[in-house]
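Just follow the structure's listing: the first ligand is 1, and inside any ligand the first atom is 1. What you are looking at is a predicted structure, and each value in this text was computed from that prediction instead of being measured.
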Amino acid sequence: MQRTRIDVLLSEQSVGQTVVVKGWVKSFRNNQFISINDGSCFDNIQAVLNRENYDIDFLKTITPGTALKVVGTIVASQGSGQAIEIDVTEIEIYGTANAETYPLQPKKHSKEFLREIAHLRFRTNTFGAVFRIRHAVSFAIHSFFNDRKFYYLHTPIITASDAEGAGEMFRVSTLDLAQPPKTESGDIDFKADFFERETHLTVSGQLEAELGALALGQVYTFGPTFRAENSNTSRHLAEFWMVEPEVAFADLHDNMDLAEAMLKHIISYVLEHCQRDLQFLNDEQIKEESQKPKNQRSELSLIERLQSCIADDFVRISYTEAIEILKNSKPNKKKKFNYIIEEWGADLQSEHERYLVEKHFKKPVILFDYPKDIKAFYMKVNEDNKTVRAMDILFPGIGEIIGGSQREENLDVLLARMEEMDVPAEELYWYLDIRKYGSCPHSGYGLGFERMVQFVTGMGNIRDVIPFPRTPGNAAF
Ligand code: 4AD
Ligand code: MG
């Protein structure tokens, strides 16, 4: 007989039917009630057995984590908490779970503890919900772009160029670390390396995506990116996924419109399709908030926060306006910020971004026209020659979720900017070529996928929204 997934079983509620269910034991009470989850949805199904029919040693093997199959009839539930349950006629155990050493006990474990046993954290209610939602976010992104006729472009993971010019890259090499070949001048001879040049893991697919956009019109990348920055924060990973659309003939305003529409689409999709998982996370977070002192509690619940994000237009202000707001803000005047904003040109820290979003505007904010000195070489220089057509989107609880810009399409201006910023033009000849052959205005942005998942799940730490987090010192599994 075919097995029935629990999500199907619960939504169809066909009392009287015989079903086969396969899953893992969540709990086993009174040698009679087995709560089973198979990952297909948040909810468990209760299987009820007649303990007289089984040997006590057999019953002892049914413990949390045991993988099993039950066959039985769907009946209306006698107990409260579920509408239907399975009256069991047959049980088969696939794998027991060593009750003495099984690390998931039926009590609440900290998220830090669960990170140490990554293979089992999937089995918890919280991470089951998070990873089902992560899937939904990914699917919503693909459907958003597909509906708008964007092409999904796979850009390389190994690259010879530093797209962001920040130099925080992981080296890719097959050279012998202990005895690398040397040139006559004593430097490492990368000509002898696998690709006959220095290569790294990419920090962004943007530069390649620009080439795609200037032929296919509108493309997006969605792949892993790598940054060797040593930041141990709740918003940074060394390996994370980025979504990067790139659009020909689009200016900065088109870019902001696209980004806002995409973010709202993702949030609406999750609100509509992940109700049960979201409700659980929402309720858990209300419990957690109630433990905090009153003045530190967030005003909105998770679901309210998501709803409020799609209800209104995002705020759009220039960097210059933002600096004025920050300069005159209470925490700046009272020197409560770690970095005091003194003058125009200052780089914004996450404390400033979060002040603007969470305290001042209380909604998502798009900041644009940043000083050119704090932004990447490829951004289009404005007529004032001081600012570039950059935009960052700031979200409550997250800070920067998107970074993007209109690109500099003028070859001479771009070359001058690269020289100013010490970006080697020879290595990027292929990128400069599109400014020579049919250049046109174009724009794009990058969405930090995990930051998006953090926002829609309300998880405080970015490590808890990726199955196998990579951070400084962590790559064991
Ligand atoms: O602002 P970033 O550095 O922009 C770019 O890489 C551009 N090439 C994007 C483009 O225009 N196509 O990164 C984009 C986003 C950030 O806004 C942030 O959400 C996320 O990527 N991000 C990180 N997420 C997790 N861990 C990190 N270490 C991250 N660094 C950036
Ligand atoms: Mg950025």
Measure from the Mg ion (ligand 2) to every N/O/S atom of Glu400 and report the name of the nearest one.
OE2
Just distances here: any N/O of His236 and N/O of ligand 1 closer than 3.5 Å?
no
Determine, for Tyr437 and Arg435, whether the Lys NZ or Arg CZ falls below 6.0 Å from the six-membered ring centre while staying within 45 degrees of the axis.
no
Report yes or no: does a heavy atom of Ile462 sit under 4.0 Å from some atom of ligand 1?
yes
Keeping the roles fixed (side chain from Tyr152, backbone from Phe222), state whether a donor-acceptor pair exists under 3.5 Å.
yes
Can you name the atoms of ligand 1, numbered from 1 with element, that are less than 4.0 Å from a heavy atom of Glu400?
1 (O), 16 (C), 17 (O), 19 (O)
Decide, counting backbone as well as side-chain atoms, whether Asp392 has an N, O or S atom less than 2.8 Å from the Mg ion (ligand 2).
no
Does the side chain of Arg134 come within less than 4.5 Å of Glu450's, by heavy atoms?
yes
Can you confirm if the aromatic rings of Phe314 and Phe395 lie within a centre distance of less than 6.0 Å?
yes
Atoms in ligand 1 with a heavy atom of Arg235 nearer than 4.0 Å
25 (C), 26 (N)
Among all the protein's non-hydrogen atoms, which is closest to atom 12 (N) of ligand 1, and how far away is it?
Glu244 OE2, 2.7 Å
If you take the centroid of each ring, where Trp contributes its six-membered ring, are Phe144 and His142 closer together than 6.0 Å?
no
Check for me whether Tyr378 has a heavy atom closer than 4.0 Å to any atom of ligand 1.
yes
Can Glu239 be said to touch ligand 1, with heavy atoms closer than 4.0 Å?
no
Less than 3.5 Å apart, any donor N or O on the side chain of Ser185 or Thr183 sitting next to an acceptor on the other?
yes
Under 3.5 Å, side chain of Asn37 to main-chain N/O of Phe42, donor-acceptor pair present?
yes
Between Phe122 and Phe131, is the gap from one ring center to the other below 6.0 Å?
yes
For atom 19 (O) of ligand 1, what is the nearest protein heavy atom, given as residue, atom name and distance?
Ile401 O, 2.9 Å
List ligand 1 atoms under 4.0 Å from Gly404, heavy atoms only on the residue side.
11 (O)
Crowded around Glu304 CD? As in, over 12 foreign heavy atoms under 6.0 Å?
yes
Counting only heavy atoms from other residues, nucleotides and ligands, does the tally under 6.0 Å from CZ of Phe194 exceed 12?
no
Could you tell me which atoms of ligand 1, counted from 1 in the order shown, lie closer than 4.0 angstrom to a heavy atom of Gly403?
1 (O), 9 (C), 10 (C), 11 (O), 17 (O)
Could you identify the single nearest non-hydrogen protein atom to atom 26 (N) of ligand 1 and state the distance to 0.1 Å?
Leu237 N, 3.0 Å
Given Asp283, Asp7, Asp43, the one that forms salt bridge (charged side-chain N to carboxylate O under 4.0 Å, His left out) with Arg276
Asp43
For the residue pair Phe337 and Tyr355, does the interplanar ring angle fall in the parallel (under 30°), tilted (30 to 60°) or perpendicular (over 60°) class?
perpendicular
For the 3.5 Å polar cut-off, considering only N or O atoms, please tell me whether Val203 and ligand 1 meet it.
no
For atom 18 (C) of ligand 1, the protein heavy atom that lies nearest, with its residue and separation
Arg451 NH1, 3.5 Å
Atom 3 (O) of ligand 1 - nearest protein heavy atom and its distance
Arg227 NH1, 2.8 Å
In terms of ring plane angle, is the pair Tyr269 and His265 parallel, tilted or perpendicular, where the classes change at 30° and 60°?
tilted
Hey, can you pull the donor-acceptor pairs under 3.5 Å for the side chains in residues 464-472, sequence neighbours left out?
| from | atom 1 | to | atom 2 | distance (Å) |
| --- | --- | --- | --- | --- |
| Asp464 | OD1 | Arg115 | NE | 2.8 |
| Asp464 | OD1 | Arg115 | NH2 | 3.4 |
| Asp464 | OD1 | Arg121 | NH1 | 3.3 |
| Asp464 | OD2 | Arg115 | NH2 | 2.9 |
| Arg470 | NH1 | Phe477 | O | 2.9 |
| Thr471 | OG1 | Asn474 | ND2 | 2.8 |

Can you name the atoms of ligand 1, numbered from 1 with element, that are less than 4.0 Å from a heavy atom of Glu164?
3 (O), 4 (O), 5 (C), 6 (O), 7 (C), 8 (N)
In ligand 1, the atoms that come under 4.0 Å of a heavy atom of Ile402 are 17 (O)
Closest to atom 20 (C) of ligand 1 among protein heavy atoms sits Gly448 CA, 3.5 Å
Between Lys191 and Arg197, does a side chain to side chain contact (heavy atoms under 4.5 Å, CB included) hold up when you go through it step by step?
CA-CA 5 Å; Lys191 284 244 164 359; Arg197 70 193 70 235; over 6 Å; no
Glu246 versus ligand 1: do any nitrogen or oxygen atoms come within less than 3.5 Å of each other?
no
Sub-3.5 Å N/O-N/O distance, Ser405 and ligand 1
no
Which residue supplies the protein heavy atom nearest to atom 15 (C) of ligand 1, what is that atom called, and how far is it?
Gly446 O, 3.6 Å
Just which atoms of ligand 1 are under 4.0 Å from any heavy atom in Arg407?
10 (C), 11 (O), 12 (N)
heavy-atom search around atom 24 (N) of ligand 1 in the protein gives Phe240 CD1, 3.5 Å
Does some non-hydrogen atom of Glu229 fall short of 4.0 Å from ligand 1?
yes
